Amino acid sequence: MQPEDLLNEGNKENLEPAKNSPLLSLERDLKFFKDSIHEVAIEIMVEGLSSYPIFIAHQHELKLGELILDRHDLNSDWSIHASTLEEFTERGVIKPELKERFIGSYKNPNEYMCVFVVVPEGANFVYVPYKK
């Protein structure tokens with residue numbers, strides 16, 4: 001998969017889970033781990049690493065970001081890596097010409113987790129509220 005294949009330029013806010021979709025288990029895992037993810041987002045911002053934390057949800061091996069929740073250790077369906085907009089642009093996942101567009105659509109990181117969901121069919125950004 002090429003980096004440009006990972007960035008769907010369509011609607012990045014809603015990724016509706018279909019019946020029997022792995023996204024249903026992702027929703028469950030994110031709800032369960034939201035406090036831990038929020039703590040990491042705050043740490044990334046407070047330490048000055050980035051104003052744009054991004055969390056990567058996947059079910060296979062991935063070499064992007066830093067592993068914070070391992071599905072094998074936690075008996076969950078999804079692993080979560082922590083990353084930043086800066087790493088996404090350095091690694092070519094977000095093209096430089098789309099960086100400002102991403103920033104313009106980025107939601108308040110104190111209220112929403114920005115999740116880059118990677119599935120065999122591709123990948124997309126979704127925003128999940130910490131409070132629901």
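Because only heavy atoms are used, hydrogens play no part in the values below, and waters and symmetry mates are left out as well, while side chains stay in. Values in this document were obtained by computation on a predicted structure and should not be read as measured data.
If you chain together hydrophobic residues whose side chains sit under 4.5 Å apart, Ile44 and Ile42 never meet in one group. Using a 4.5 Å cut-off between side-chain heavy atoms of Ile, Leu, Val, Met, Phe, Trp and Tyr, with links allowed through other members, Met45 and Phe116 fall into different hydrophobic clusters. No chain of hydrophobic side-chain contacts below 4.5 Å, direct or via other Ile, Leu, Val, Met, Phe, Trp or Tyr residues, connects Leu67 to Ile56. In the hydrophobic clustering of this structure, Met113 groups with Phe32; members are Ile, Leu, Val, Met, Phe, Trp, Tyr whose side-chain heavy atoms approach within less than 4.5 Å, directly or through other members.
The side-chain heavy atoms of Ile103 and Leu85, taken from C-beta on, include a pair separated by under 4.5 Å. Between Ser25 and Trp78, some side-chain heavy-atom pair lies under the 4.5 Å cut-off. Looking at heavy atoms from C-beta onward, Leu69 lies out of side-chain contact with Ser79 at the 4.5 angstrom threshold. Within the 4.5 Å cutoff, the side chain of Val115 has no heavy atoms near those of the Ile37 side chain.
When the side-chain contact (heavy atoms from CB on, under 4.5 Å) test is applied to Ala41, the partners found at least two apart in sequence or on another chain are Pro53, Phe55, Tyr130. With sequence neighbours excluded, the residues satisfying side-chain contact (heavy atoms from CB on, under 4.5 Å) with Glu47 are Glu43, Leu49. Listed by chain and number, the residues in a side-chain hydrogen bond (donor to acceptor under 3.5 Å, both in side chains) with His81 are His58 (sequence neighbours excluded). Looking at residues two or more places apart in sequence or on another chain, you find a side-chain contact (heavy atoms from CB on, under 4.5 Å) between Asn108 and Asn110, Glu111. Partners of Asp77 by salt bridge (charged side-chain N to carboxylate O under 4.0 Å, His left out), not counting sequence neighbours, listed by chain and number: Arg28. Here Ser76 pairs with nothing under the side-chain hydrogen bond (donor to acceptor under 3.5 Å, both in side chains) rule; sequence neighbours left out.
Interatomic distance, Lys99 NZ to Tyr52 OH, rounded to the nearest 0.5 Å: 8.5 Å. Considering CD1 of Ile80 and CD of Glu66, their distance stands at 14.0 Å, rounded to 0.5 Å. One finds the NZ atom of Lys34 at 13.0 Å from the CD atom of Glu39 (value rounded to the nearest 0.5 Å).
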In sequence, state the C-alpha distance, the side-chain angles, and the governing distance for Glu27 and Val128, and then conclude on side chain to side chain contact (heavy atoms under 4.5 Å, CB included). CA-CA 9 Å; Glu27 184 177 26; Val128 180; over 6 Å; no

Carefully, step by step, assess Val117 and Asn124 under the rule side chain to side chain contact (heavy atoms under 4.5 Å, CB included). CA-CA 5 Å; Val117 182; Asn124 207 344; 5.7 Å; no

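Remark: the backbone N or O of Ile54 is not paired with any side-chain donor or acceptor of Ser83 at under 3.5 angstrom. In terms of modelled atom types and a separation under 3.5 Å, the side chain of Glu87 and the main chain of Gly65 share a donor-acceptor contact.
Two rings, from Phe125 and Tyr106, have their centers 6.0 Å or more apart.
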